[in-house]
Protein chains: 2
Amino acid sequence: MAVPRWREIAEDLRGRIKDGEFAKADPDQQRAANQLPTESKLQENYGAVSRNTVRQAIDHLVSQRIVYKQAGRGTFVVEALQPFVTNLTVGVKTETVGYREGAEREGRTATTSEPRVEIQAADAWQAATLGINPGESVVVRHQRRFIDGQPFSLQTSFYPMAFVQSGATELLQVNDIPMGAMAYLHEKLGVEEAGTVDRISARSPNSGEAEFFRLPDSGAVAMLVHRRTTYDRDGNPIRVTVTTYPADRNEFEYLTGKVSSRPS
Amino acid sequence: MAVPRWREIAEDLRGRIKDGEFAKADPDQQRAANQLPTESKLQENYGAVSRNTVRQAIDHLVSQRIVYKQAGRGTFVVEALQPFVTNLTVGVKTETVGYREGAEREGRTATTSEPRVEIQAADAWQAATLGINPGESVVVRHQRRFIDGQPFSLQTSFYPMAFVQSGATELLQVNDIPMGAMAYLHEKLGVEEAGTVDRISARSPNSGEAEFFRLPDSGAVAMLVHRRTTYDRDGNPIRVTVTTYPADRNEFEYLTGKVSSRPS
DNA sequence: AACGATTTGTTCGTATGTATC
DNA sequence: TGATACATACGAACAAATCGT
C-alpha cells in the first residue's frame, strides 16, 4: 500500500475535473452542472471502497480549493472568481479613495461601514511600528469595506494618541474623515507624509475574517494581508494600516514608470 | 448536536495551545516540548470520545497550520518562522541581484540553479501578457532559488522569441546572464525598460511547488505569487516574470518616498 | 541490526443526524 | 413529507513510521 487508496481516488478525481468531465450537466446521471457524483456513486465507481475513503479523498480536494461540498446538495467544482485588483501604488489618491474609484471604474459600487474607533494600550507590535512605548495609547480605527454589498476587505489603522493630544481630535470621530486622514493631519498639525513601507503576506483567516467573508472554515482560502506604514519627513511613523482580503478573489497591483494597468 | 463534538475539541485545543499549555516539555507525561498529547490520551481527556473524532479535531487544526503531525512521532504546535522579506521596489538593482543582496544583508547565502530554458508555443495567458498571438514562440527561462541551501522561490520568465531573432541569442543560454537580462537587451537591441506592472496574489501550491518547498500536501501553506510585466517606452511588453514563494516564511516589501526598511 | 513499544495513518463497517429539494 | 446527499460519531483492525533498547 505504497500510495493510499484515498490518494489514488483524489488524484483520479483531480484529473477528471481538469479534463472537464463534470463541467456540464448530465441528465442521465441526474447530475447538475459542475457537480461531482455522489459519495455512494463514487463508492461503486472506485470498486466498492468504503464511503469514508471516498470522503477522505474529497476532503483532500476541498482543502486545496478544487471542490466544495454542501450538505444535502452535493459536491461541486470550484469556479475561479474574477479577481478584483486593488492598486496599491502610492500616488495622487489616498488609498481609500483609490479603492472606491477602482470599484467604480468596473461599474461596481463600493461602500464602507462607519468606522469603529477605539483607544488601546499599544501592544509590542503596535509600539514597535509606531515608534512609541508599549502601553502608550493608540487610536485604532477599524472599517469593513464592501463592493456591491459583498464583503471585500477589513481595514484597521493605528495612530499615536499624541496626534489627538496635539489637537487632531477628528481622529476620534466615528465617521469618515472626508479629506482623508493624512490630509487632515497635514492641515491640522502640519504633519507631512514623506514615504511609506508596504508589507504583503498571506496567512490562514482567523475566525472573525472567516465569518465576515463567509469563508469555509477548512482554511482552504488564504487571506492576503497588506500592512502600510506611513512616515513623516523625519522618519517617524504617522500611521500603520493593516488591510486583509480573501485571496480567492483579490489581487494587488503596483505600477512603476510609465505604464497603465492591464488585464492579466 | 448544534456544534459537533470534534469542533468543541478543536476549539478547546486551540485555546490550550494559545495559552501555551504545550509550549514546554512535560516529563511526567513523557511529552516533548511543543508536543500535544497523543490521540489516545486526548480520547480519555475529552470523555471517552472516539479516536476518529479526536483525529478530525486535530486535522482541522492542521488545515489551519496551528499544528502539524508526524507519523510515529506525534502532533506538534507549529512554530512561526521568521519571515524573509523580499523587497520588490523597482529601483537601481535588478530583482535577481536584489534578492541576493537581501539575503547577504542578513548573513545568509543565496544561490540559484542553472536556468532551464525552453521554447514554447504561447498559451492564451502568455500571448495576452506579452502582446503576441497565441501559438507564437516564447522563450521560457526557469530558475530555482535557494537561501542557505533551503528552497526559497521558483521563478519563470517569458520573453517574446522576436528578441532572439533580432540577435539577443544569450536569452537561450543555459546559464545566468551576468549583467541581467534587461541590461543585456538594452545593450544588444536598444530595448529599454520604461515601466513595470506587478500583480500579487495567493493560491494553493501545485504539486511541483509542494515537492520543491517540501510543503505538507494538506494545502495548509499558501503560495505567494508575484507576477511582474516589464514594458518598453512604447508600452510593449518585454518580459513577464512569475515568482512563487511559500507564504509561511516570506513577505514582500515595497518602499515609496524617503524611507528605509524597518522590522515589522 | 533487530525488536518491541509507541504513535499516527489507512480502511473498513455501521448507525444516526441534518440540510436540501 | 419523503428522498437524497453530506455530516457526525462510534468501534475495530491492521499498516507504517519513529525511537529507544
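In the text below, chain A, chain B and the rest are named by the order of the sequence lines, each starting its count at 1.
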Colleague: Under the side-chain hydrogen bond (donor to acceptor under 3.5 Å, both in side chains) criterion, do A/Ser153 and A/Arg145 qualify, and how do the steps go?
Modeller: CA-CA 5 Å; A/Ser153 70; A/Arg145 311 204 284 188; 2.9 Å; yes
Colleague: Once ring pair (Phe, Tyr, Trp, His ring centres under 6.0 Å) is applied, what residue pairs with a partner in residues 15-64 of chain A remain, sequence neighbours excluded?
Modeller: A/Trp6-A/His60
Colleague: Listed by chain and number, what are the ring-ring contact (aromatic ring centres under 6.0 Å, His included) partners of A/Tyr68, not counting sequence neighbours?
Modeller: A/Phe76
Colleague: Just to verify, what does A/Arg14 make a salt bridge (charged side-chain N to carboxylate O under 4.0 Å, His left out) with, not counting sequence neighbours?
Modeller: A/Glu11
Colleague: For A/Ser40, answer base if it contacts any base atom (sugar-phosphate contacts may also be present), sugar-phosphate if it contacts only those atoms, and nothing otherwise; contact means non-hydrogen atoms under 4.0 Å.
Modeller: nothing
Colleague: So which of residues 56-74 of chain A are in contact with DNA chain D, with a heavy-atom cut-off of under 4.0 Å?
Modeller: A/Lys69, A/Gln70, A/Ala71, A/Gly72, A/Arg73, A/Gly74
Colleague: Could you work out, with side chain to side chain donor-acceptor pair (under 3.5 Å) as the rule, every residue matching B/Thr38, not counting sequence neighbours?
Modeller: B/Ser40
Colleague: Run the salt bridge (charged side-chain N to carboxylate O under 4.0 Å, His left out) test against B/Arg16 and tell me which residues pass, sequence neighbours left out.
Modeller: B/Asp12, B/Glu21
Colleague: Quick check on C/dT8: is either OP1 or OP2 less than 4.0 Å from any side-chain nitrogen or oxygen of B/Thr75?
Modeller: yes
Colleague: With sequence neighbours left out, what residues match A/Arg55 under side chain to side chain contact (heavy atoms under 4.5 Å, CB included)?
Modeller: A/Glu39, A/Arg51, A/Lys69
Colleague: Would you kindly give the CD1-to-C1' distance between B/Ile9 and D/dT8, to the nearest whole Å?
Modeller: 12 Å
Colleague: Output the rounded distance in Å from CH2 (B/Trp6) to P (D/dA9).
Modeller: 9 Å
Colleague: Between A/Arg31 (CZ) and D/dC6 (P), how many Å, whole number?
Modeller: 12 Å
Colleague: To the nearest Å, how far apart are A/Asp217 CG and D/dA7 C1'?
Modeller: 13 Å
Colleague: Identify, residue by residue, the members of residues 12-20 of chain B with a heavy atom below 4.0 Å from DNA chain D, and return them in order of residue number, or none.
Modeller: none
Colleague: Nearest whole Å is fine: how far is D/dT18 P from B/Phe76 CZ?
Modeller: 11 Å
Colleague: Could you state the interatomic distance from CG (B/Leu36) to CG (B/Asn45), rounded to the nearest 0.5 Å?
Modeller: 10.5 Å
Colleague: Can you give me every donor-acceptor pair (side chain of residues 206-216 of chain A, partner residue at least two apart or in another chain, under 3.5 Å) with its distance?
Modeller:
residue	atom	partner	partner atom	Å
A/Asn206	OD1	A/Gly208	N	3.1
A/Asn206	OD1	A/Glu209	N	2.8
A/Glu209	OE1	A/Arg203	NH1	2.9
A/Glu209	OE1	A/Asn206	N	2.9
A/Glu209	OE2	A/Arg203	NH2	2.9
A/Glu209	OE2	A/Thr244	OG1	3.3

Colleague: Figure out the CD/P separation between A/Glu39 and C/dG17, and round it to whole Å.
Modeller: 18 Å
Colleague: For A/Asp19, which residues count as a side chain to side chain contact (heavy atoms under 4.5 Å, CB included) partner, sequence neighbours excluded?
Modeller: none
Colleague: Using the salt bridge (charged side-chain N to carboxylate O under 4.0 Å, His left out) criterion, which residues pair with A/Asp148? Sequence neighbours excluded.
Modeller: none
Colleague: Taking N or O atoms only and anything under 3.5 Å, show me the protein contacts with nucleotides 10-13 of chain D, one pair per line.
Modeller:
residue	atom	partner	partner atom	Å
D/dC10	OP2	B/Ser50	N	3.0
D/dC10	OP2	B/Thr53	OG1	2.6
D/dC10	N4	B/Asn52	ND2	3.4
D/dG11	O6	B/Asn52	ND2	2.7

